[in-house]
Amino acid sequence: MTDPFAGARVLIVGLGVSGYSAARRLAGLDAKVRVTEQGSGEIIEERAEALRNRGIEVETGGHDLHAAFADIAVISPGIPLDVPIVEHLRQQGVPIWSEIELGYRLTRGSDFLAVTGTNGKTTTTGLLAEMLVQGGIRAVAAGNIGAPLVDAVFEAPEDSAIVVEVSSFQLATIEQFRPRVAVLLNIDEDHTDWHGSIAAYAAAKERLTLNQTPDDALVFNFEDERCRAIATRASARPVPFSREHAPTSGIGVEGGDVVWRGEPIYPVADIPLAGSPGLDDALAASAAALEYGVDVPSIVRALKGFRAPPHRMELVAEAGGVRYIDDSKATNPHATLAAVRGLKDVVLIAGGRSKGIDLKRLGETVPPVVGVVAMGEAAAEVQSVFAGAVPVVAAPDMTEAVRLAHGMSVSGGSVLLSPGCASLDMYESYAARGEAFDRAVRELLKTQGRDDGDT
């Protein structure tokens, strides 16, 4: 690999998964790497010690601004751009990059296909990567799904395709990142605590198209007003997808078929993903794959063999006529509203860290929601949203939340963990929250003498 970073002073801000990978990879390119991390804890200290053993300077437990100088700074996703360390670097004129920009600069000739949106990114990214693989293309999924992007760039064969899930945080600090095919799934209120407003959040998402040209493609949700507006401003070739009709220049549904530019290509029944969000994800991935040159039989093979990622409408157990569903990945009200569609008699477990989002829209889940258990920092707000509409109680932890939800459930209904909030008030990640729900359900059923499959 060429070595544009040899001798460059690079400051890594944040020692999460992406920061740790960036530090290791850049040190291997003879960059002068320094890492600064505000937090501490067992995992952070283990990573710090591993880097120190490689001769990398690491500080944890705070940022020393006097030592914060560099030619380039790489910041971890989620670190606000107005914190003192970032403002200090900007005042010095230091370029601020996300892992996405760094990975793009390190590529060895790979094409990038990028997926963003408020909801559905992980599913669409994984499905698109599988479609490419089925089409005989050397492809890997990376970013917020699977390996960090900088690792994928190093490990993927030359001239491969990297399908990367990107967040608004990462897009806010790109400079040159240019995807051959970009996918814009949907834009709804999320992360307003970080961006300040829905307009700023949407503007960050729009940066996905910043460096695209008419030779590139932008696959966008025609039914989403914000996505549609972005497509009209983009330089890339617009490729709409729609579950409501069949766009002549893109992909959609007509009768029982998925239709690509006027031609039926496969039955909607071939899509294994649940509900309208699953249909959107499948349409978007199919359009992106077709734009990249994948044939229809390969797309169908990928669809038939695909399984949704964990913690997204995942059936954990069914007992006493009640289905227990893990949708921990629903970290905003938009995702929770989508989750309840098609269900009935739902007892909803909701709450967590609201990220500055107004949670009033959660009230639109009634019906089919018939009861609510509120958790986390936003428990009081969740209770106020549902007060007077359905029974609502609060729980201090997941075990109690599942117990209470079970007591409110009815045969033929569901207990649904779809929090509408982030997990970081109580858990390391949405995955850890989902795993806690799974454990609590299984423990509850075990104490009742029921196996997972009992009905």
Side-chain angles (χ1 to χ4, degrees), residues 13-14 18 73-83 86-87 89-91 94-105 112-122 124-125 143-144 149 164-214 216-241 280 284 288 331-335 353-358 361 422:
V13 183
S18 64
V74 179
I75 66 172
S76 295
I79 293 179
L81 299 182
D82 60 356
V83 297
V86 178
E87 289 189 341
L89 292 165
R90 281 182 158 169
Q91 289 171 4
V94 177
I96 308 294
W97 293 354
S98 67
E99 177 207 9
I100 299 301
E101 182 68 20
L102 177 62
Y104 185 78
R105 303 283 187 120
F112 284 84
L113 296 87
V115 179
T116 199
T118 302
N119 298 303
K121 296 185 294 295
T122 300
T124 304
T125 299
N144 293 331
L149 181 57
V164 57
E165 176 188 338
V166 294
S167 69
S168 58
F169 307 139
Q170 294 164 322
L171 288 170
T173 52
I174 64 168
E175 291 181 0
Q176 296 181 10
F177 178 71
R178 174 192 169 191
R180 280 275 306 279
V181 180
V183 179
L184 187 55
L185 293 168
N186 43 63
I187 299 176
D188 208 313
E189 188 177 8
D190 202 2
H191 301 299
T192 48
D193 57 341
W194 197 92
H195 291 282
S197 67
I198 180 63
Y201 171 67
K205 292 292 190 185
E206 185 167 1
R207 289 176 63 82
L208 182 70
T209 72
L210 179 68
N211 299 305
Q212 285 194 295
T213 74
D216 306 317
L218 172 61
V219 176
F220 70 97
N221 188 343
F222 187 81
E223 306 306 327
D224 187 297
E225 183 179 354
R226 294 186 179 96
C227 293
R228 200 164 58 244
I230 289 171
T232 64
R233 296 189 290 266
S235 297
R237 182 174 64 259
V239 182
F241 72 88
D280 282 347
T331 60
N332 53 68
H334 181 265
R353 180 165 293 171
S354 70
K355 301 178 288 184
I357 301 171
D358 187 344
R361 289 191 64 197

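In this chain, residues are counted from 1 in sequence order.
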Is there a side-chain contact between T116 and S168, using heavy atoms and a 4.5 Å cut-off? no
Note: E223-R228 ion pair, threshold 4.0 Å (strictly below): no
Rounding to 0.5 Å, atoms OH (Y104) and CD (E99) come to a distance of 15.5 Å
Nearest heavy-atom neighbours spanning I357 and P333: CG2-CD, 3.9 Å
Rounded to the nearest 0.5 Å, how far apart are CG of L81 and CG of L89? 11.5 Å
Do T209 side-chain atoms and E206 backbone N/O form a donor-acceptor pair below 3.5 Å? yes
Do V13 and V74 have side chains that get closer than 4.5 Å, going by heavy atoms? no
I'd like to know if D216 pairs up with R237 as an ion pair, taking the criterion as any Lys NZ or Arg NE/NH1/NH2 lying under 4.0 Å from an Asp or Glu carboxylate oxygen. no
Is a donor on one side and an acceptor on the other found under 3.5 Å between the side chain of S98 and the backbone of Q170? yes
Looking at S235 and P214, would you say the former's side chain and the latter's main chain have a donor-acceptor pair under 3.5 Å? no
N/O donor-acceptor pair under 3.5 Å between S76 side chain and G14 backbone: yes
If we ignore hydrogens and angles and just use 3.5 Å, is the side chain of K205 paired with the main-chain N or O of G117 as donor and acceptor? yes
Check whether D280 reaches the backbone of N221 with its side chain - one donor and one acceptor, N or O, closer than 3.5 Å. no
Please report the interatomic distance CG(N119) to CG(L185), rounded to the nearest 0.5 Å. 9.0 Å
Write down the atom of C227, the atom of L184, and the distance for their closest heavy-atom approach. SG-CG, 3.6 Å
OG1 (T331) and CZ (R353) are apart, to the nearest 0.5 Å, by 12.5 Å
Between V181 and L218, is there a side-chain heavy-atom distance shorter than 4.5 Å? no
When you measure from the side chain of Q212 to the backbone of A217, do you find a donor-acceptor pair of N or O atoms at a distance under 3.5 Å? yes
Quiz question: by atom type and distance under 3.5 Å, do the side chains of T122 and E165 form a donor-acceptor pair? yes
Is T125 close to V164 at the side-chain level, that is, under 4.5 Å between some pair of heavy atoms? no
Flag the pair F112 / L149 as yes when at least one side-chain heavy-atom distance between them is below 4.5 Å, and no otherwise. yes
Do F220 and V239 have side chains that approach each other closer than 4.5 Å (heavy atoms only, starting at C-beta)? no
Close side-chain approach of T173 to E101, heavy-atom, < 4.5 Å: no
Just so I know, are the side chains of V115 and V166 near enough to count as touching, which here means a heavy-atom distance under 4.5 Å? no
How long is the gap from OG on S18 to CD1 on I75, to the nearest 0.5 Å? 10.0 Å
Would you compute the distance between atom CG of N211 and atom CD1 of I174 and round it to the nearest 0.5 angstrom? 5.5 Å
Is a side-chain donor or acceptor of R207 paired with a backbone partner of L171 at a separation under 3.5 angstrom? yes
Worked check of side chain to side chain contact (heavy atoms under 4.5 Å, CB included) between N332 and T118: CA-CA 8 Å; N332 53 68; T118 302; 3.3 Å; yes
